[in-house]
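All values reported here derive from a predicted model rather than from experimental measurement. Sequence lines set the chain letters: A, B, ... in the order given, protein chains first and strands last, and positions in each chain run from 1.
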Amino acid sequence: MARMSVVTRFAPAPTGRLHVGNIRTAVHNWLWARKHGGRFLLRLDDTDRERSREEYAAGISEDLAWLGLAPDEEHRQSARFGRYEMALARLREAGRAYPAYETAQELELKRKVQLGRGMPPVYDRAALDLTDGDRARLEAEGRRPHWRFRLDHDAPIKWNDLIRGLQHFDPALLSDPVVRREDGSWLYMLPSCVDDIELGVTHVVRGEDHVTNTALQIQMFEALGAPPPAFAHEALLVGSEGKLSKRLGSLGVDAMREAGIEPAALVAKLARIGTSLPVEPVISAAPLIESFDFATFGRAPARFDLDELAGLSAKIVHQLPFDAVAERLPAGMGPADWLAVRPNLRKVGEAGDWWTILHGHVETKAAEEDRPVVAAAVEAARGIDWAAEPWRQLVAAVKERTGASGKSLFLPLRRALTGRDSGPEMAALLPLIGRDEAVARLEAAL
RNA sequence: GGCCCCAUCGUCUAGCGGUCUAGGACGUCGCCCUUUCACGGCGAAAACACGGGUUCGAUUCCCGUUGGGGUCACCA
């Protein structure tokens with residue numbers, strides 16, 4: 001029998017743009033599916049009509065595409081309400097769902113009292129004691145019920161988490177989750193289970209903020225007559241200051257894209273951060289897919305540092321071939337220009353500056369003390385064979401005429417020729433600037 | 001407060017009783033290359049939270065303390 005193929009899913013709520021935490025689980029789900037030749041699903045958890053917005057749904061797809069994490073299928077919970085309705089009906093028949101009439105305020109008060117007494121704020125199941133008469137009376141008063149899933153307090157919950165190992169939960173310490181609001185809208189818990197079952201999800205990879213949800217959902221899967229999928233809960237990311245930062249939460253992909261971060265850098269970083277594998281500046285996802293392994297995941301929160309990401313991104317830029325960046329370069333910039341300039345870039349966008357330095361017009365004024373060197377360069381430039389390592393010849397000639405060397409030799413020439421104090425190797429730049437323009441720039445600097 | 005995780009260089013981590021004078025990666029520093037800067041190459045410095053046990057022997061096992069993270073919603 002063929003091995004059951006892997007199906008993973010990324011299930012964001014379209015209530016905002018993707019951010020680092022989100023993307024990390026998306027990357028891991030994607031890597032796991034790719035590694036096993038399975039499918040990676042995008043499921044929009046848009047049961048919350050108030051907050052879900054179409055523009056965010058579009059933004060999420062856009063962000064995933066930019067990162068190269070194309071989903072194999074897309075689903076929306078808003079299109080599946082009928083399925084949830086059926087599942088709830090089955091749960092009711094099985095005695096695993098019951099109506100409750102407390103208001104949000106009443107529940108809030110109960111929790112406060114419990115907390116005040118040092119008790120865990122678990123729902124007291126008062127609604128379970130309601131008689132038919134009670135319910136009829138409440139309904140007559142105009143109250144509508146919300147629905148809770150009834151946990152089986154006698155069935156200890158356990159699963160073998162791919163990252164956290166054996167997990168045990170006592171259902172008596174958990175509240176029966178509300179699955180449907182009194183207005184008929186759905187909460188996350190049940191739809192997620194139904195979808196995972198019906199879409200054939202085999203591995204649920206998500207943050208550890210979901211561990212107790214998993215405990216609840218495992219009973220839900222069983223109540224629905226389906227074997228639960230495998231679970232992997234990864235430790236969350238924290239900001240570089242150590243605390244879980246709000247800033248991290250708002251670090252959106254769109255912002256990073258605008259900041260010039262390479263998508264490959266983000267994927268490489270997020271694939272490996274918090275694992276025992278080194279974060280490497282890889283251009284292709286292939287090595288990330290091949291090495292992906294839940295066993296390498298640490299269980300402590302890892303720090304995400306934007307500066308580190310920027311450094312990784314720079315290293316990736318240094319490796320990017322011309323074809324990979326051509327459409328982001330100024331029109332007319334060719335492979336030779338890119339290769340000459342690439343090692344000095346932190347972002348692809350900076351190539352534009354060098355493009356104008358290479359082929360535009362540069363005019364500088366040499367400092368008084370630099371003039372002899374520049375003057376010597378003007379003379380020397382005329383006698384140079386520009387077809388053969390002109391920079392080496394130029395430097396040698398100027399050195400011979402002026403006696404200058406090292407920095408006092410190089411800096412004046414770099415300034416006169418490029419208008420900058422630093423940049424790519426002059427030996428690579430000079431041939432691209434060309435003889436006539438180089439001479440013009442040197443003369444202009446005098 | 002209850003429950004669940006976690007605690008090794010600045011950061012991410014390896015380590016699953018002696019092999020640890022604790023390994024790797026990022027960063028940092030130094031050197032080399034380039035007759036400048038950057039890029040690249042090489043090398044160095046840098047850590048077992050604390051207190052009790054268990055043991056012939058603890059980074060490794062147990063307990064506690066401290067610290068960090070998560071969760072306990074009619075959010076997802």
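The distance between atom CG of A:L237 and atom P of B:G70, rounded to the nearest whole Å, is 12 Å. When rounded to the nearest whole Å, the span between CD1 of A:I163 and P of B:G70 equals 17 Å. Here the P atom of nucleotide B:C12 and the CG atom of A:L270 are 15 Å apart, to the nearest Å. With rounding to whole Å, A:L277 atom CG is found 13 Å from B:A25 atom P.
Base-pair partner of B:U59: not found among the strands shown (Watson-Crick or G-U wobble, both distances under 3.5 Å). With a 3.5 Å ceiling on both atom-pair distances, the Watson-Crick or G-U wobble partner of B:G1 is B:C72. The partner of B:U66 is B:A7, judged by Watson-Crick or G-U wobble contacts that both fall below 3.5 Å. Base-pair partner of B:A14: not found among the strands shown (Watson-Crick or G-U wobble, both distances under 3.5 Å). When Watson-Crick and G-U wobble pairs are counted only if both distances are under 3.5 Å, B:C33 pairs with no nucleotide at all. Nucleotide B:C39 has no partner under the Watson-Crick or G-U criteria, as no pair reaches both atom distances under 3.5 Å.
For an aromatic pair to be called close, the ring centres must be under 6.0 Å apart, and A:H28 with A:W32 fails this. Between A:H210 and A:Y188, the gap from one ring centroid to the other is short of 6.0 Å.
Taking side-chain N and O atoms only, A:R148 has a distance below 4.0 Å to OP1 or OP2 of B:C74. Phosphate proximity of B:C4 to A:K158: absent, as no side-chain N or O sits under 4.0 Å from OP1 or OP2. When the side-chain nitrogen and oxygen atoms of A:T47 are compared with OP1 and OP2 of B:A76, one or more of them lie within a distance under 4.0 Å. For A:R181, no side-chain nitrogen or oxygen approaches OP1 or OP2 of B:C74 to under 4.0 Å.
Counting only heavy atoms from C-beta outward, the side chains of A:L270 and A:F304 approach each other to under 4.5 Å.
A:V178 comes within 4.0 angstrom of the backbone, heavy atoms only, and of no base. Using a 4.0 Å heavy-atom cutoff across all strands shown, A:G274 reaches sugar-phosphate atoms only and no base atom. Residue contacts for A:D305: at a heavy-atom cut-off of 4.0 Å it reaches no nucleic acid atom on any strand shown. Heavy atoms of A:H233 sit nowhere under 4.0 angstrom from any nucleic acid atom. Residue-level contact check: A:S405 touches the bases, meaning some heavy atom is under 4.0 Å from a base atom. Within 4.0 Å (heavy atoms only), A:H146 reaches at least one base atom of the nucleic acid. Base contact: A:T103 has a heavy atom under 4.0 Å from a base atom. Within the 4.0 angstrom heavy-atom criterion, only backbone atoms of the sugar-phosphate kind lie near A:P278; the bases stay farther away. Counting any heavy atom pair closer than 4.0 Å across all strands shown, A:A396 reaches a base atom. Residue A:L174 is classed as having no contact, given no heavy-atom separation below 4.0 Å to the nucleic acid. At the heavy-atom level, A:Q114 lies nowhere under 4.0 Å from the strands shown. Counting non-hydrogen atoms under 4.0 angstrom, A:K315 reaches the backbone sugars and phosphates but no base. Note on A:L411: a base of the nucleic acid sits closer than 4.0 angstrom, heavy atoms only.
Applying the 3.5 Å distance criterion, the base of B:A76 shares a donor-acceptor pair with the side chain of A:N213.
If you find the closest nucleotide of RNA chain B to A:V211 and to A:D46, the one lying nearer the 5' end belongs to A:V211. In this structure, A:F297 and A:R111 both approach RNA chain B, and ranking their closest nucleotides by distance from the 5' end singles out A:F297.
Cation-pi check for A:R420 over A:W354 is met; the charged atom lies under 6.0 angstrom from the ring centroid and within 45 degrees of its normal.
If you take CZ on A:F322 and CG on A:L339, they are separated by 9.5 Å, rounding to the nearest 0.5 Å.
Between A:F410 and A:W391, the two ring planes are perpendicular [angle over 60°; tilted spans 30° to 60°].
The side chain of A:R414 lies closest to B:U36, out of B:A76, B:C72, B:U36. Looking at the side chain of A:H318, the nearest of the listed nucleotides B:C5, B:G40, B:C3 is B:G40.
Counted by atom type alone, A:Q393 and A:D385 present zero donor-acceptor pairs between their side chains at under 3.5 Å.
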